[in-house]
Amino acid sequence: MAARARRRDLAGPATEVARDLVGWTLAARSPQGVLRAMIVETEAYPPEDPASHAFGGPTPRNGSMFGRPGTLYVYVSYGIHHCCNVVTDRIDVGSAVLLRAAEPTRGIALMRARRGGVPDRDLCRGPGRLAAAFGLDRRHDGEDLVLGRTVWLERGTPPGRVVASPRVGIRRAVDRPWRFSVAGSPWVSSPRPVRGRASTPP
DNA sequence: CCATAGATCGGCT
DNA sequence: GCCGATCTATGGC
């Protein structure tokens, strides 16, 4: 059924992989069952990007960003939330894609339980919410999404046009349209992409 | 619908 | 000390 993401699918410039990952599925196995959600929003953080955690070189926090393509990088945001990234380039490069939002497809009951009765639309709408719904945290940092049996990716096709827009919540390099999302999807986090940036909305 | 405050941790980008 | 790749609750229009 679902074809797993291969190493070569995830290897390459973050801007390209970020666009490719829209429409793919993030999957995780827990004692209570398998969770799946279709990725509808990503952001690229290439190595030369001043807004990237990897910009200043490796540290204990971002070390997994410098791993192989397909490595999972999970960091703590604002001391409370967790955010999940897919490493996309060769070892020691420091390039990743932030998973920002997804449309739940399997294990929705478990996601609802974990997310405390929020509307279904908000289960995975936002990077912190996505990590919470999947139960991912710093313990999962550095896991291999290509060979991993608890967290992995499956290839897919976007359900609509993929549009580019400026990234959310950063102050440096705001001019780079490195946020990719499914145009018009209700599962995409706000602010919604501005029309007419790099692609045309429906 | 929008704006704002507070939570709470690690890096200094 | 300050600020961030965030989210939630609350109060106002």
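Letters A, B, ... are given to chains in the order of the sequence lines, protein chains preceding strands, and every chain is numbered from 1. Just so you know, these numbers come straight off a predicted model, no measurement behind them.
- Contact record, A:N85 with A:A96: CB-CB, 4.0 Å, taken as the closest heavy-atom pair.
- Side-chain N or O atoms of A:D89 include none that pairs as donor or acceptor with a backbone N or O of A:S95 at under 3.5 Å.
- In this structure, the CG atom of A:D137 is 13 Å from the P atom of B:dG10, given to the nearest Å.
- Listed for the A:R115 side chain is a donor-acceptor partner under 3.5 Å among the backbone atoms of A:D122.
- A:L136 and A:W187 fall into different hydrophobic clusters, where Ile, Leu, Val, Met, Phe, Trp and Tyr residues are linked whenever their side-chain heavy atoms come under 4.5 Å apart, directly or through other members.
- With rounding to the nearest 0.5 Å, the separation of OG1 in A:T15 from CG in A:D20 is 9.5 Å.
- Using modelled atom types, one side-chain atom of A:R29 and one backbone atom of A:R149 make a donor-acceptor pair closer than 3.5 Å.
- Within a 6.0 Å sphere centred on CZ of A:R90, other residues, nucleotides and ligands contribute 12 heavy atoms or fewer.
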- Any chance you could encode DNA chain C as dot-bracket? Rule is Watson-Crick or G-U wobble with both distances under 3.5 Å; [ ] for pairs crossing earlier ones, | for another strand. ||||.|||||||.
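- Remark: A:L98, A:R100 in residues 94-104 of chain A come within less than 4.0 Å of DNA chain C through at least one heavy atom.
- The hydrophobic cluster containing A:M111 also contains A:V118, counting ILVMFWY residues as joined when their side-chain heavy atoms lie under 4.5 angstrom apart, directly or transitively.
- Looking at A:V40, A:V22, A:V168 one by one, the single match for side chain to side chain contact (heavy atoms under 4.5 Å, CB included) with A:R100 turns out to be A:V168.
- With sequence neighbours excluded, the residues forming a side chain to side chain contact (heavy atoms under 4.5 Å, CB included) with A:P186 are A:R121, listed by chain and number.
- Taking atom NE2 on A:H82 and atom P on B:dA7, their separation rounds to 18 Å, with Å as the unit.
- The CG atom of A:D137 lies 9.0 Å from the SG atom of A:C84; values are rounded to the nearest 0.5 Å.
- With hydrogens and angles ignored, the 3.5 Å screen pairs a side-chain donor or acceptor of A:R114 with a backbone N or O of A:A133.
- Counting atom types as modelled, A:Y78 pairs no side-chain N or O with a base atom of B:dA7 as donor and acceptor under 3.5 Å.
- The CZ atom of A:R115 sits 15 Å away from the P atom of C:dT6 (whole-angstrom rounding).
- Under a hydrophobic-cluster definition in which Ile, Leu, Val, Met, Phe, Trp and Tyr are linked whenever side-chain heavy atoms come within less than 4.5 Å, directly or via other members, A:L26 and A:W152 are assigned to different clusters.
- One atom, NE2 of A:H81, and another, P of B:dG10, lie 15 Å apart when rounded to the nearest Å.
- Connection of A:L130 to A:V188 is not established within any shared hydrophobic cluster, with ILVMFWY side chains joined at heavy-atom distances below 4.5 Å, either directly or through further cluster members.
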- Task: Using a 4.0 Å heavy-atom cut-off, write out nucleotides 1-6 of chain B from 5' to 3' as B (base contacted by protein), S (sugar-phosphate only) or - (no contact).
- Result: ------
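- Classification of A:D9 and A:R4 as a salt-bridged pair fails, no side-chain N sitting under 4.0 Å from a carboxylate O.
- Of the residues in residues 121-130 of chain A, those with a non-hydrogen atom less than 4.0 angstrom from any atom of DNA chain C are A:G126, A:P127, A:G128, A:R129.
- With rounding to the nearest 0.5 angstrom, the CD atom of A:E154 is 11.5 Å from the CG atom of A:L145.
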Check nucleotides 11-13 of chain B against the protein and report each pair of N or O atoms closer than 3.5 Å, with its distance, or say if there are none.
from: B:dT13; atom 1: O3'; to: A:R172; atom 2: NE; distance (Å): 3.2
from: B:dT13; atom 1: O3'; to: A:R172; atom 2: NH2; distance (Å): 3.0

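- A straight line from OH of A:Y45 to C1' of C:dA5 spans 4 Å, rounded to a whole angstrom.
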